[in-house]
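Keep in mind the model is a prediction, meaning the values are calculated, not measured. Index from 1, following the sequence.
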Amino acid sequence: MKHRRGFNPLERMSAHRKALHRNMVTSLFRMERIKTTKAKALAVRRTAEKMITRAKEDSVHNRRIVSGRLYDEAIVAKLFTAIAPRMKDRNGGYTRILKLGERKGDAAELVILELVDYKLDTEEKKKSNNKDKKDKGK
């Protein structure tokens, strides 16, 4: 049973685990969608959602706390100016996990961790291609 287990240590030393969380959360906020294993995604989701909740209220205190846990100041600015305002009306659940299947080498379960309001680029390309085709026909 999983009673009284605070977090998944991911079989890593604390410094390695903290660096892993910082790297993956920074990548998630930069790309808004990352591919990883299920265990890492579940662990990183907790960290990311807490940061988004902090970023919803833009103050010096919150910026300092979040910037202490992220590597890139540009990503901190993006979180406070672009990502958090999009999540203003949500009370939680800022990320989603989509299952992909198992990795061939070690059968680890692969998932996509993405922000809830993430839009695929292919949808925009299809719309622009349809407009180009209509313009050429005229």
Participant: I'd like to check Met24 versus Ile34 (side-chain heavy atoms, cut-off strictly below 4.5 Å). Are they in contact?
Facilitator: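 Result yes, sub-4.5 Å side-chain heavy-atom pair found.
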
Participant: With Asp106, which residues qualify under side chain to side chain contact (heavy atoms under 4.5 Å, CB included), at least two apart?
Facilitator: Arg103, Ala108

Participant: Got a second to check how far Ser59's OG is from Ile65's CD1, nearest 0.5 Å?
Facilitator: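 Rounded to the nearest 0.5 Å, the OG-CD1 separation comes to 8.0 Å.
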
Participant: Of all heavy-atom pairs between Met51 and Val25, which one has the smallest distance, and what is that distance?
Facilitator: SD-CG1, 3.6 Å

Participant: Could you tell me whether the side chain of Arg69 reaches within less than 4.5 Å of the side chain of Thr47, counting heavy atoms only?
Facilitator: no

Participant: Examine Arg63 relative to Phe80 and say whether NZ or CZ is less than 6.0 Å from the centre of the six-membered ring and inside a 45° cone about the ring axis.
Facilitator: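 Relative to the ring axis of Phe80, which defines the angle, Arg63 lies inside both limits.
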
Participant: Using every non-hydrogen atom in the two residues, find where Ala84 and Ala55 come nearest and quote the distance to one decimal.
Facilitator: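 Looking at all heavy atoms of both residues, the shortest contact is CB-O, 3.4 Å.
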
Participant: Name all pairs fulfilling the side chain to side chain donor-acceptor pair (under 3.5 Å) condition that reach into residues 70-88, sequence neighbours left out, sorted by first residue then second.
Facilitator: Arg30-Asp72, Glu32-Arg86, Arg86-Asp117

Participant: Going by heavy atoms in the side chains, are Phe29 and Val76 under 4.5 Å from each other?
Facilitator: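 Of all side-chain heavy-atom pairs linking Val76 with Phe29, none is under 4.5 Å.
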
Participant: Identify whether Ile112 and Val44 are in the same connected component of the hydrophobic contact network (ILVMFWY, side-chain heavy atoms under 4.5 Å).
Facilitator: no

Participant: For the side chain of Lys56 and the backbone of Arg90, is there at least one donor-acceptor N/O pair under 3.5 Å apart?
Facilitator: yes

Participant: Flag yes if Leu98 and Leu100 sit in one hydrophobic cluster, no otherwise; membership is Ile, Leu, Val, Met, Phe, Trp, Tyr, and two members link when side-chain heavy atoms are under 4.5 Å apart.
Facilitator: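 Result: yes, single cluster for both.
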
Participant: Side-chain contact test, heavy atoms from C-beta onward, threshold under 4.5 Å: evaluate it for His61 versus Arg54 and give yes or no.
Facilitator: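 Counting from C-beta outward, His61 and Arg54 do come under 4.5 Å.
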
Participant: Look at the side chain of Asn8 and the backbone N and O of Ala43, then say whether any donor-acceptor pair between them is shorter than 3.5 Å.
Facilitator: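 No: the side chain of Asn8 does not pair with the backbone of Ala43.
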
Participant: Compare every heavy atom of Leu10 with every heavy atom of Lys40, then report the nearest pair and how far apart it is.
Facilitator: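 Closest approach of Lys40 to Leu10, heavy atoms only: N-CD2, 4.2 Å.
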
Participant: Please say yes or no: joined through hydrophobic side-chain contacts below 4.5 Å, possibly via intermediate residues, are Ile97 and Met87 part of one cluster?
Facilitator: yes

Participant: With a sphere of 6.0 Å drawn around CZ of Arg96, does it hold more than 12 non-hydrogen atoms of other residues, nucleotides or ligands?
Facilitator: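 Check passes, neighbour count above 12.
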
Participant: Under 3.5 Å, side chain of Glu49 to main-chain N/O of Gly92, donor-acceptor pair present?
Facilitator: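 No; zero donor-acceptor contacts below 3.5 Å.
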
Participant: To the nearest 0.5 Å, tell me how far Leu113 CG sits from Leu28 CG.
Facilitator: 5.0 Å

Participant: Looking at NZ of Lys18 and CZ of Arg22, how far apart are the two atoms once the value is rounded to the nearest 0.5 Å?
Facilitator: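 The CZ atom of Arg22 is 10.0 Å from NZ of Lys18, to the nearest 0.5 Å.
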
Participant: Using atom types as modelled and distance alone, determine if a side-chain donor or acceptor of Asn23 lies under 3.5 Å from a backbone N or O of Ala19.
Facilitator: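 Judged by distance alone, yes, a pair lies under 3.5 Å.
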
Participant: Counting only heavy atoms not in Arg12, do more than 12 fall under 6.0 Å of its CZ?
Facilitator: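 Atom CZ in Arg12 is packed in, count exceeds 12.
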
